[in-house]
Structure formats: structure tokens, C-alpha cells
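Shown next, in C-alpha cells, is the structure this report addresses.
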Number of protein chains: 2
Amino acid sequence: MAVKKFRELDEALVRQKEAAFADFIQKQGLKTTRQRNTIISTFFRMRGHISVEELLNQVKQANPRIGYATVYRTLHLLVDSGLVEERRFGDGLARYEGHSDVEHHDHMICLECGEIFEFFNPRLEALQESLAEENDFQIFRHRLELYGACKDKDACQRRKSRTGAAAAEE
Amino acid sequence: MAVKKFRELDEALVRQKEAAFADFIQKQGLKTTRQRNTIISTFFRMRGHISVEELLNQVKQANPRIGYATVYRTLHLLVDSGLVEERRFGDGLARYEGHSDVEHHDHMICLECGEIFEFFNPRLEALQESLAEENDFQIFRHRLELYGACKDKDACQRRKSRTGAAAAEE
DNA sequence: TGGATTACGAAAACTGTTTTCAATATCGGC
DNA sequence: GCCGATATTGAAAACAGTTTTCGTAATCCA
Ligand SMILES: [Mn+2]
Ligand SMILES: [Mn+2]
Ligand SMILES: [Zn+2]
Ligand SMILES: [Zn+2]
């Protein structure tokens, strides 16, 4: 199957990432703090494409005193460390995901229910590469997003009336 | 050639678009105004992927009293009319382009010099479609952006030192 | 454990965009 | 052409998401 909605939560993998982040912090001469630990542990245990607000809400359950600034700052560190990627699907807010198994993947976004599907196709990747080469362009990274309607759930494909999530994202 | 940097400016085409916009305005029961006319005439005569600020600067040369609000509002109308598309290349600002000859196209963005190249590849489009179909996903629209270095100009591929445009976009 | 250094959190600042509101322009009907 | 209901304008305020500031507090190495 090319698409899967969410990767499963692997506790060992989470620990491995926490360790990798600790490593990064040390190598950068930064300090280990209670707040950062709380934030990254929380983050790596959440699934999906997580907004700052979503993360903060979750973080506050462990430590209500942690504020936006620290969450933003820690997310930047996570991105810098290479453990997390920032995404923007056009609804105005940054979303973050710790890419686990799949190094790179692209997204299908259902405009009706808001669901996000991930996929990866080598031919698609290769084709981009060859197109770039044709034009002497060297790709560092790319983003491919398919917006539309998934067939899942409550018949997203039937209500194309621009209501719900579709209207919300404008 | 699959890539071209800018389409040429065709005066007849510009007039045609102005007329199409006038049509849209009338059909929506809106009013023709001096400001809107100035803005769209200016816009359609500019090339590239135009930011609001760029457009306003140009517009002010024709009428310095026109402000941001009207430019924003008019751009929304242009998008609603279908004559213009909004783009976001990750530098935080919306850019607009009146797609002329090529109905749909994708972009390569040079992170060194900031240049934007347009391309269209039927195989790429078809592959996306077939991938979507495989997963019962119905594509309404998509965006594909290749970020990297172009071989043009002053050796963009040589300075990968994360300076210049590359550093600016973070 | 002292103390230079880094991090925190609340609030202010910022950026790009949208909305408000009082003043002005448009346009169909007279 | 003029009226007047309705739409539009522009300056400024509001907004949303994010970043920065700054005084206080935590970290961690010598
Ligand atoms: Mn993803
Ligand atoms: Mn374009
Ligand atoms: Zn890809
Ligand atoms: Zn395409």
C-alpha cells in the first residue's frame, strides 16, 4: 500500500529520537532543560502533522507553566537538528512532523474532512529529478501536495459544495 | 524547451483580460472603479510572480492615493474571477500571477538567486493522477515546487554556503 | 558551589493580511 | 443630468501567527 494515514507509535524509536536530540543539544553547546525535555517527549509521542497550538495544549498537561515562546524555540531546534520537518498546507499555520520510517514523502490533503495522507513514489521522484537535470537545476528539496477529496469517511467526494473544511481553508 | 522564465507581454492579451475582468465585475453586480482599473491594468502588465508590495509600488506611480487595502481587495477579486492565481513559495508573502498561455504549471525556485522557473510535464501530471486514483483520491489541484540551485547566472550551484537568497528565505 | 552562560515566560513587537468605519464614488431609474 | 440606494475607498485599527525583548531563573563546568 502506497498510502498510510499515520505511522504507528514505536516507544523505542521515540527514545532514540530523544537521545538524538540530547546529542544535538550537547554538540551545539546548549543546555538541557526540563522544558525542552517535556516538549520533545510530548512531540515525539504525538502523531500526525502537529500545529504549535496542538503541541502547546498537550505540553501544558505535563507542565502548565510552559508558554508559546519555548515551544516555538524548541520546535526550531528540532528542525535544526534534522529530526523534524516543518510543513505548510496553506491553512496559515506551520505544522511539524518527525519523519520516522519514510525519509521523504509527499501529501494528499482532503479539503472536505481535512485528513492528510502520505505517499511516496519513486517514479515521481525520479521524474522530478530528470526534469530538473534537463534544465540544469539542482534540487535541494521539493514539496508536492495534492489537494482534493478522499473517498474515505462520510463521502467527502459527494459534498463538493465548498462547505466544511474546503471553505475553512480559504 | 520545457522551462521558460517569463512569458512575453502581449498587449492584445492584456486587453482581453481587462475585458474579462470587467465582465466578471458586472456579472457579480459590482461596480467599475477608477482604482480597480488602475490596479488590474498595472498588474496585467507586470511579469513574474508579483507580491502585493511590488504591485502597490507600481500602482502608486499611476495613482499615489491607492492604498494596500484596495490592492488586496482587488487581488482577491482577480483570484475569484479565475484570471489570477495566488502562489506561496515559502518566503511568507503571497505572490500572484495571471496565467496566460500555460493553464497549469509548476515551479523551480533557485534558493541562491531567487529566480523562479516554470515548467509543465504531462507525464508528471499523469503520474500524480494515477497515484491519486490508486488511493481513491480525487485531485482538485496540486502544487509542486522544486527548491534548489539553477545553473544560470553567477554560478548559483557553487555557493551552497547558505548565504544570499537561501539564507534570506529562512 | 560560584558564576558565566543559556534558557524561560510574559508581554511587546513584528509581518502580512483583513476588517472597520466614515467619507466618497458608482449607476440604474427618474 | 440628478437622486439615492448601494458599493467602494483609504487610513487606521484589528488580527493571527510568529519572533523578540528583557528581567528572572536554571544549567553546568571549573
Ligand atoms: Mn507527512
Ligand atoms: Mn508561475
Ligand atoms: Zn516527493
Ligand atoms: Zn503540475
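Throughout, protein chains are lettered first and strands after them, A, B, ... in sequence-line order, and every chain is numbered starting at 1. Note: hydrogens, waters and symmetry copies are ignored here, and every other heavy atom, side chains too, is used. Just so we're clear, the structure is a prediction, and the values are computed from it rather than from any experiment.
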Starting at the 5' end of DNA chain C and moving along, which residue's nearest nucleotide shows up first, B:T33 or B:R95?
B:R95
Can you tell me the distance, in whole Å, between the CG atom of B:L75 and the P atom of C:dG16?
15 Å
For DNA chain C, whose closest nucleotide is more 5', that of B:G92 or that of B:Q35?
B:G92
Just checking B:R73: base, sugar-phosphate only, or nothing, at a heavy-atom cut-off of under 4.0 Å?
base
From the 5' end of DNA chain D to its 3' end, which nucleotides mark the outer limits of contact with chain A, defined by a 4.0 Å heavy-atom distance cut-off (strictly under)?
D:dG17 to D:dC28
Does any part of the side chain of B:L146, heavy atoms only, come nearer than 4.5 Å to the side chain of B:F117, both counted from C-beta?
no
Separation of C:dG9 C1' from A:R34 CZ (nearest whole Å)
15 Å
Name every donor-acceptor pair, under 3.5 Å, that has one atom in a side chain of residues 66-73 of chain A and the other anywhere in the protein, sequence neighbours excluded.
none

On a plain distance test, is the side chain of B:R88 in donor-acceptor contact with the base of C:dG16 below 3.5 Å?
no
With the side chain counted from C-beta on, respond yes when A:L111 and B:F140 share a heavy-atom pair under 4.5 Å apart, and no when they do not.
yes
Value for CZ (B:F89) from CD1 (B:I109), rounded to nearest 0.5 Å, stands at 5.0 Å
According to salt bridge (charged side-chain N to carboxylate O under 4.0 Å, His left out), does anything in residues 21-36 of chain B pair up with another residue at least two apart or in another chain? List the pairs.
B:D23-B:K27
In whole angstroms, how far is the P atom of C:dA7 from the NE2 atom of A:H76?
14 Å
To the closest 0.5 Å, what do you measure between CG (B:L144) and NE2 (A:H142)?
7.0 Å
What residues in residues 25-32 of chain B put a non-hydrogen atom under 4.0 Å from any atom of DNA chain C?
B:K31, B:T32
Below 4.5 Å, heavy atoms only, C-beta onward: do B:F44 and B:R15 meet side chain to side chain?
no
Going by the salt bridge (charged side-chain N to carboxylate O under 4.0 Å, His left out) test, which pairs reach into residues 50-68 of chain B, not counting sequence neighbours?
B:E54-B:R95
Can any side-chain N or O of B:N135 pair as donor or acceptor with the backbone N or O of B:L131 at less than 3.5 Å?
yes
Nucleotide C:dG16, atom P - distance to CZ of B:F89 in whole Å:
17 Å
Figure out the CD/P separation between B:E86 and C:dG16, and round it to whole Å.
14 Å
Measure the spacing between CE of B:M108 and CD1 of B:I116 and express it to the nearest 0.5 Å.
13.0 Å
Flag for B:E118-B:H49: side-chain donor and acceptor within less than 3.5 Å
yes
Strand contacts (DNA chain C) in residues 61-72 of chain B, 4.0 angstrom heavy-atom criterion:
B:A69, B:Y72
